[in-house]
Amino acid sequence: MAAGPASHGGCPRAQMPHLSKMERVVVSMQDPDQGVKMRSQRLLITVIPHAVTGSDVVEWLIQKYCISEEEALHLGVLLVRHGYLYALREPRSPGLQLDETLYRFQTPYFWTSTLWPAAELDYAIYLAKKNIRKQGALVDHEKEHYDQLHRKINHTWDLVVMQAREQLRAAKQRRKGDRLVIACQEQTYWLVNRPPPGVPSVLEQGPGRGSGMARRVQMTKNTDFYKQEIECCTKALGRIRVKSSVCLEAYLKFSSQHRPHDPIMSGCLPSNPWITDDDTYWAMNAPNVAAPTKLRVERWGFSFRELLADPVGRANFMDFLRKEFSAENLSFWEACEELRHGGQAQIPTLVDSVYQQFLAPGAARWVNIDSQTMERTLEGLRQPHRYVLEDAQLHIYMLMKKDSYPRFLKSDMYKGLLAEAMILPETKRRVFPFMWKPRHSSLSPALPPASASVEPVAAAGGPGGAEGEA
Amino acid sequence: MATDGLHENETLASLKSEAESLKGKLEEERAKLHDVELHQVAERVEALGQFVMKTRRTLKGHGNKVLCMDWCKDKRRIVSSSQDGKVIVWDSFTTNKEHAVTMPCTWVMACAYAPSGCAIACGGLDNKCSVYPLTFDKNESMAAKKKSVAMHTNYLSACSFTNSDMQILTASGDGTCALWDVESGQLLQSFHGHGADVLCLDLAPSETGNTFVSGGCDKKSMVWDMRSGQCVQAFETHESDVNSVRYYPSGDAFASGSDDATCRLYDLRADREVAIYSKESIIFGASSVDFSLSGRLLFAGYNDYTINVWDVLKGARVSILFGHENRVSTLRVSPDGTAFCSGSWDHTLRVWA
C-alpha cells in the first residue's frame, strides 16, 4: 500500500507471544544458508523469485525441530493461517498444499505484529481498489463490508476513492511481477484480518486479552500494592525450605507407588469403560460398594488421607476404631469437617452440637485433647466461627494418623480385607464392532432418592462411535 | 501540596525498589537448596513407551466456542459452558445431554460441578457466579431456581466448589479471588495480590490445610491461605499470562500453563520452579493443564489446537494429540483417571482414553 496505515502503534506484542515466535521461524526459514530451498515461480511471462514448496517447508520443519510430518504439516498450516506464508496462485486454500504449489513469505510490513489492529480506513481503501478493478463485482461478504463502510465513513468517502485510484495508478507504474506480489501480500493481510464468513479469525483472543470486550485490568501499583509484595517476600524469605533432592525423590516415589492405580498408565480391570463401552469398572468401584477391589484396599495403605477419602475405607476404619473404643475421634473429625465446609448459617448450631457431644465435661463421646488445645478451643467457643475447632481437629487428626492408622494397617481386619478383595479378569474389546453393546445410562446424582423407580434417561448411543447431536 | 506529592513519589519508588531487591534475595535463597534437577533424579526411572490415546467420545451441541468444563464426581457426567451463553450438563458416556441453561450473558468462562452432583455453578461476562440446582422436574425450569452467589467488578474467569456444595471459590478479571457462602451469597474472604486479571485457580488436595493456587495475567502463580486471605507463596517465572494451574496429586507441587508456550512445575516444599515443559516447535500458549492420577503424565491443551502429553519426571514430550479444529480452551482428567476431556473453540468436547 502506498499510503501508510492510520494511527496505530502496532500490536501489543507482549500479549501475543506466539506471533513473535512464528516470525522467528519464518525468518530462519528465509536464511540463505540454513533456510528452506528457494525456487522461482513462473507465471506466464513473469518470474517471481524466492518461492518455496509446501513439501520443502514441511521437510525443513521436520529437520529443524525433530518432529513428525504430521506435526510439521500442522505447524505449516498455522503459518499460512496467520498470514506468514501465502500461495502465489489462486485458489488460495487455508491449508498447506504438498504438491507443486509455490508459496512466498509475507513481508514484515504486513505482519500482524507490525500492523494490528487493522484500520477501517485501510480496509475501505482496499475494497474500493478491488471494486474499481473488478468493476463492481466484489464477493458477497466484501460487498457487504464495502456498503457498510460506505455508510459509516460516508463523509470521507471521496478521500477513500481518491486514495484507491491513486494507489492503483501508482501500482501500474511497477513491474508486473512486483505488482502481482504486492497484490498477494495485501490480500493475504486482509484474509487474516477480515476473514470470510465460515473461517474462524486467528486473531480473536477472548475477554481481557486486548479484544476490547472486557478490558485487561492493570492494578494500580500504589504504595499498598508494593507494601503487600514486600510483606509477602519477607515472609517467604523466612520460610523453611526443603532440599530439592528430597522433594524430587518424593515425586518418584509417589508416581511409582500410584502407577498401577493410574488407568491411563496401567489400564484398568476388567476394562476401561471409555474404550470398551463396558461400565463394569464403575460398578465394581462404586463409592459404597460392598466388595472393594484389591487395588482399592491397597490404596488405603498409601496415606491416611487416601483412607479417609474413600467412603468404604473410612467405614472400615470406623469399625476398627470401635473395637479400640476410640471411634469418637473419627466422628469428631467428621463433625469438624462439616463445620469447616458448611453453610454460614449452620455454624452456631453445628458448633453447639459438637461441643455438647464431644467437648463438654462429661460429654457422651468426649474426645481426648491435650489441655492447652482444649483450653484454647473452649475460649474460642465463646465466639463461634467456622475455624474455631481447627486446632482441636488437627490434634485429633494427628492422633489418628500417627497412632490408630498404623495399627489399622497392621491389624487382622485390614489384612483380611486385602486377602478377600477382588481382582477382576480383563475383558478385551469386542472384535466385531458391529456387535454393538448398548451403553447403559446411569442415574444422575441429581435425581431425588424417591424417584429411583423412575425410568432412567434413554441411551442414545448408536453403533460404533456415536456422537450426541444438537 | 507540591512537596507532599514529591514525598509520595519517592516513597512509591523506594517501595518498588525494596520489593525488587527482596525478590532478588528470595531467588538467591531458593537457589541455595537446589542441589539437583528433576530430570537428573529421573534418570533412574524407566522411559515411557508409545502412547496411544484416542478420542472416544465427541460431544456436539454447543453453538459456539466451548470455554470451560468440569467433571461430576460420578466420573461420567460433565458440565460445559460456551461463548454463546449456553451451559450444558452431559452424561458423556452415552453423550446424552441432560440439562441445558442459557445464561443472560455471553462468554461463560467458568463452570463447575458441585461435589454432590446436584448443582452446577457458572459465570463469565456477567461478573457473577451463579449456582443452578439440577432438576429433572419437567415443570421447573433451571433458571427459576438460579442463585446469584458471587459478585465481582470484572469478568469471572474461574470457579470451584470447595469440599462441599456450600462454598464457592472464584477468580476474576478484577484481579482478585474470593470465597463465598452459597446459601447467603456472603463474601467470606477475599484474596488480593495479583497485579492483573486472575485467570485460573485450583484447590489443594490437602489433608489438614486450606490452601489454593491461582494464576494471572501478571505472570504470577500465588498460593493462598483460605482462612486468613494471605498469600503464602508466590512464583513469577513465566514470561506471559498464566492460563491454568493444577495441583500434583500429592499436593506437594502444582503445574501451570502459560501463553509463553511452556508448562512449569513448582514444588511447594522446595519453594521453587523445578521443571519446564517446552519444545521449540511448540509456539502457541498452553491454555489448560491436568495430571494423570499418578502424576506421571501432564496433559496440556494448547492454542494451536493440539494436546501435548508430557512425562512429568523426565521432562520429555510423550505424545501429541490432534483432532480439535480450533484452540483447546479447557482440559480436565476424570475423577477416577480413566480418561480426560478437552473442550475447544471448535464448539466440541472430546473425551480421550
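Here is how names work: the chains are called A, B, and so on, in the same order as the sequence lines, proteins then strands, and each is numbered from 1.
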**Student:** Looking only at heavy atoms, what is the nearest atom pair of A/I264 and B/L297, with distance?
**Tutor:**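 Here A/I264 and B/L297 meet closest at CG2-CD1, 3.9 Å.
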
**Student:** Side-chain contact test, heavy atoms from C-beta onward, threshold under 4.5 Å: evaluate it for B/D336 versus A/P263 and give yes or no.
**Tutor:** no

**Student:** By side-chain hydrogen bond (donor to acceptor under 3.5 Å, both in side chains), which residues pair with A/Q344, not counting sequence neighbours?
**Tutor:** A/R386

**Student:** Quick one: list whatever passes side-chain contact (heavy atoms from CB on, under 4.5 Å) with A/Q228, sequence neighbours left out.
**Tutor:** B/H192

**Student:** Any salt bridge between A/D277 and B/R56, counting N to O under 4.0 Å?
**Tutor:** no

**Student:** Please determine whether side-chain contact (heavy atoms from CB on, under 4.5 Å) holds for the pair B/F136 and A/S444, giving the CA-CA distance in whole Å, both sets of side-chain angles, and the decisive distance to 0.1 Å.
**Tutor:** CA-CA 9 Å; B/F136 280 95; A/S444 167; 3.4 Å; yes

**Student:** Given side-chain contact (heavy atoms from CB on, under 4.5 Å), test B/E18 with A/Y226 step by step and report yes or no.
**Tutor:** CA-CA 9 Å; B/E18 190 183 338; A/Y226 287 117; over 6 Å; no

**Student:** Spell out, as yes or no, whether a donor-acceptor pair under 3.5 Å connects the side chain of A/H74 to the backbone of B/T306.
**Tutor:**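 Not at all, since once roles are kept as given, no pair shorter than 3.5 Å links the two residues.
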
**Student:** Using non-hydrogen atoms and a 4.5 Å limit, figure out which bit of A/E70 sits close to chain B: side chain, backbone, both or neither.
**Tutor:** both

**Student:** Between B/G295, B/C231, B/A339, which residue shows the highest count of heavy-atom pairs closer than 4.5 Å to chain A?
**Tutor:**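 It is B/A339.
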
**Student:** So does B/R44 pair up with A/E249, basic N to acidic O under 4.0 Å?
**Tutor:** yes

**Student:** Scan side-chain atoms only and decide if B/H34 and A/S244 contain a donor-acceptor pair under the 3.5 Å cut-off.
**Tutor:**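 Yes.
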
**Student:** For B/R227, which atoms come within 4.5 Å of any heavy atom of chain A: side chain, backbone, both, or neither?
**Tutor:** both

**Student:** Measure distances from A/Y397 to the heavy atoms of chain B and classify the residue's part below 4.5 Å as side chain, backbone, both or neither.
**Tutor:** side chain

**Student:** Should A/S442 and B/R77 be marked as a side chain to side chain donor-acceptor pair (under 3.5 Å) after you check the CA-CA gap, both sets of side-chain angles, and the distance that decides it?
**Tutor:** CA-CA 10 Å; A/S442 71; B/R77 283 174 172 77; 2.9 Å; yes

**Student:** Would you compute the distance between atom CZ of B/R327 and atom CD of A/E204 and round it to the nearest 0.5 angstrom?
**Tutor:**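 Going from CZ on B/R327 over to CD on A/E204, the span is 8.0 Å.
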
